[in-house]
Amino acid sequence: MAREFQRGHKAKISDLTAGTDLYVGVQIAGSGLAFDISCFGLDANEQLSDDRYFVFFNQPKSPEESIQQLGAQSGDTESFRVTLDRIPASIHKLSFTATIDGAGQMSQIGPGYIRIVAGGEEVVRYSFTGAEFTTERAVMLGDFYLKDVWRFAAVGQGFDGGLDALLRNFGGEVAEDEQPAQQAPAAASPGFAPPQAAAPAPAFGAPAPAQQAPQAPAPAPSFGAPVPAPGAPQPQYQQPAAPAPVHAAPTMAAPLAPPAPAPYGQPPQPPQPSYGQVPPPAPAPAPYGQPPQQPSYGQVPGQQPPPYGQQQPAFGQQPPQYAQAPQQAAAGAGLAAALQPYKEVPTGARWTPQNQQLMRVDLSMGGQAVLARQGSMVLYQGKVDFSYKGAGFAGRIVGNATGQEMQLMRCTGRGQVFLAENGAHLHAIELQGDGICVSAEAVLAFDESLQHEVRRIEGHGIPGGALFTMQFQGTGTVIVKTHGVPVVLPVTPTTFADSNAIVAWSSASQVIISSQVRLRRNAYPGHSGETVNLQFRGAPGNFIVVQPYEV
């Protein structure tokens, strides 16, 4: 039976089907509207670094044919064949999009869907209607993305502009419109695809027919470029080497006057930068009589310190993606070059870490509200409404009695909200029907679709701690706070953790309070301070999260 997804739902492909040869069907229609349905093969930075993986009507397949456009069949407006185990390692996401060719808006479309078929059986379907959009002319329907394993996400996010604007958003370049490209005639459907007549679902693997209808020569794969003569080399999309900054020139471009000579008996001073320019990276000489500045602990001599707001990577670890500075600085000096490392990090996902202490949630994706700790909003964009989320009389009684009360606000609307609290490290934990236990004090925000309740820990009490914790279950994301970078450990029969340092654990783990009180040890003054802790038991696959800090 096919799983019905809502906007924002995600799942591992292995949880949907064991196959890797998949059929993706898209159904979208509107009165008087024509659509271009495409697939973008994006790299780890979610950019179209190789234009050969832009699969559309002028380029119906990727080089190794891991992504193929099949055309309209079996009731679908457009269909694709995706072979996951043949996709090259440089491709980390497949984004399926639909754009309006000509005038019109996405609010005019009727009911549509994107579905996945494997082995002749439909395994997942995400349905949408025009009521979910307004003036957008494009929509990102669904994504296959690589996160340890291949996963599928129902996106349903509208996008202003047509196919050319969507292409530029993914880092591509559109040729100037001189002569409109003509769409190639539909080729014969492959043998493994479903027939044109009504069929239950497409099934891959059937032998291909002996002869296929001849295909007309396809136009050049340059969107909007003139059609080349037969036999001439086809132009390709031009991919810029790196996105140029919006403002690369300095704020003030006045000629610099020669520096005045230093007063007699004083060392020469380095030239001061003009307003809006970044100071030169060379360090100033040490004052007279003081030794030169030594590199800080963990820094290689001669290596420049990280920009303000970034930290040195931990020993043996690479810096996270959102904390990396650009590989090449912006050309010239100026305000734009100074702010380049701190720009917003858009990824097309619902939850996006901007750095270790700041999290962004896109409320327009998923179609559901977010519950966040009161006062944790530091910035928002768009039309967002904040309201008080009460726990009710019974909830307040339980929260006060167990110490697991959360003062929450409800965030709704269409926009982006940035959340943070006291510089704590933030971690997005995505739940797909499983559960996690975490103290209410360590929760910053979570999707309203998640079920949460107070859970009791077995034992006789935790000195300085609590007897209870919060358990989250369902499909959605919970944002957990930690002091410093945590460590995740598997649960073994001999796993013990300090009750004041534990952050979270898998809900399937058995937790009991363990005491090391011994009569002989306590007969003498003093103790180790580690007399009470938590013992974890569970099957393989369970885990605990511990922070380098004790509350």
Side-chain angles (χ1 to χ4, degrees), residues 3 8-12 14-16 147-149 151 350-351 359 366 368 370-373 389 391 394-395 398-399 401-406 408 424-462 465-483 486-514 532-547 549 551:
R3 291 178 56 179
H9 282 189
K10 306 173 184 178
K12 298 179 181 178
S14 57
D15 293 341
L16 302 175
K147 185 179 179 183
D148 301 329
V149 296
R151 304 165 186 250
R350 177 172 168 85
W351 295 91
M359 184 71 62
Q368 56 184 346
V370 167
L371 301 181
R373 187 175 295 272
K389 174 63 176 178
V398 174
T402 61
Q404 299 297 310
E405 183 179 12
M406 293 186 291
L408 299 175
H425 288 217
L426 304 181
H427 311 272
I429 300 177
E430 179 184 345
L431 301 181
Q432 294 289 345
D434 43 1
I436 188 172
C437 294
V438 56
S439 175
E441 185 62 28
V443 176
L444 179 70
F446 56 94
D447 288 324
E448 192 177 32
S449 59
L450 290 176
Q451 302 175 359
H452 59 283
E453 61 180 356
V454 179
R455 179 178 176 181
R456 185 179 185 275
I457 300 176
E458 301 177 4
H460 300 288
I462 307 176
L467 284 167
F468 303 88
T469 185
M470 294 296 299
Q471 177 175 300
F472 291 85
Q473 284 184 326
T475 301
T477 302
V478 57
I479 307 301
V480 177
K481 304 183 301 177
T482 64
H483 293 272
V487 61
V488 180
L489 298 174
V491 171
T492 67
T494 57
T495 300
F496 297 83
D498 191 298
S499 59
N500 294 320
I502 189 73
V503 176
W505 60 87
S506 52
S507 61
S509 302
Q510 180 186 10
V511 187
I512 60 175
I513 298 175
S514 175
V532 177
N533 46 48
L534 298 180
Q535 180 180 6
F536 294 86
R537 302 172 182 173
N542 289 282
F543 63 89
I544 63 172
V545 182
V546 180
Q547 63 185 359
Y549 181 87
V551 295

Asks: Looking at every non-hydrogen atom in both residues, tell me the closest pair between Cys437 and Gln471 and how far apart they are.
Replies: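 Smallest heavy-atom distance, with atoms named: SG-OE1, 3.9 Å.
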Asks: Let me confirm one number: the NZ-NZ distance from Lys12 to Lys147, rounded to the nearest 0.5 Å.
Replies: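 Those atoms lie 9.5 Å apart.
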Asks: I need the Leu444 CG to Leu371 CG distance, nearest 0.5 Å.
Replies: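 Nearest 0.5 Å value for the CG-CG distance: 11.5 Å.
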Asks: What are the two closest non-hydrogen atoms of Val503 and Ala442, and how far apart are they?
Replies: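 Scanning both residues completely, I find the closest heavy atoms to be CG1-CB, 4.4 Å.
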Asks: Which heavy-atom pair separates Val370 from Arg350 by the least distance, and what is that distance?
Replies: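 So the minimum-distance heavy-atom pair works out to CG2-NH2, 3.1 Å.
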Asks: For Arg151, give me all partners under salt bridge (Lys or Arg N to Asp or Glu O under 4.0 Å), at least two apart in sequence or on another chain.
Replies: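 Residues passing salt bridge (Lys or Arg N to Asp or Glu O under 4.0 Å) with Arg151: none at all.
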Asks: With a 4.5 Å cut-off on side-chain heavy atoms, are Met470 and Val454 touching?
Replies: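 Yes, side chains in contact.
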Asks: What's the spacing between Leu489 CG and Phe536 CZ if we round to 0.5 Å?
Replies: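 Here the interatomic distance stands at 10.5 Å.
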Asks: Any idea which heavy atoms bring Asn542 and Ala508 closest together, and the distance?
Replies: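 In terms of heavy atoms, the two residues are closest at OD1-CB, 3.3 Å.
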Asks: Passes side chain to side chain contact (heavy atoms under 4.5 Å, CB included), Leu431 versus Phe472? Steps please.
Replies: CA-CA 9 Å; Leu431 301 181; Phe472 291 85; 4.1 Å; yes
Asks: Looking at NE2 of His425 and NE2 of His483, how far apart are the two atoms once the value is rounded to the nearest 0.5 Å?
Replies: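 These two atoms lie 10.0 Å from each other.
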Asks: For a quick test of reading the model, state the closest non-hydrogen atom pair linking Arg3 to Ala11 and the distance between them.
Replies: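 It is NH1-CB, 4.1 Å.
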Asks: Between Gly433 and Thr475, what is the shortest heavy-atom contact and its length?
Replies: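 Looking at all heavy atoms of both residues, the shortest contact is N-OG1, 3.8 Å.
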Asks: I want to check something: taking the side chain as every heavy atom from C-beta on, are Asp434 and Gln473 in contact at a cut-off of under 4.5 Å?
Replies: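 No, every pair of side-chain atoms sits at 4.5 Å or beyond.
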Asks: Quick check: do Trp351 and Ile479 have side-chain heavy atoms less than 4.5 Å from each other?
Replies: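 Yes, close enough: below the 4.5 Å cut-off.
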Asks: Measure the OG-CZ distance between Ser506 and Phe543 for me, rounded to the nearest 0.5 Å.
Replies: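 One finds 5.0 Å between OG of Ser506 and CZ of Phe543.
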Asks: Got Glu448 and Lys389 here, is their nearest side-chain heavy-atom distance under 4.5 Å?
Replies: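 They are in side-chain contact.
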Asks: We want to know whether Gln432 and Glu430 form a side-chain donor-acceptor pair, criterion being a heavy-atom distance below 3.5 angstrom.
Replies: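 Per modelled atom types, Gln432 and Glu430 side chains form a pair under 3.5 Å.
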Asks: Applying the side-chain contact (heavy atoms from CB on, under 4.5 Å) test to Val438, which of Val545, Ile429, Ile502, Val443 qualifies?
Replies: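 For Val438, the side-chain contact (heavy atoms from CB on, under 4.5 Å) check succeeds only for Val443.
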Asks: Ser449: what forms a side chain to side chain contact (heavy atoms under 4.5 Å, CB included) with it, not counting sequence neighbours?
Replies: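 Counting only residues at least two positions away or on another chain, Ser449 forms a side chain to side chain contact (heavy atoms under 4.5 Å, CB included) with Gln368, Asp447.
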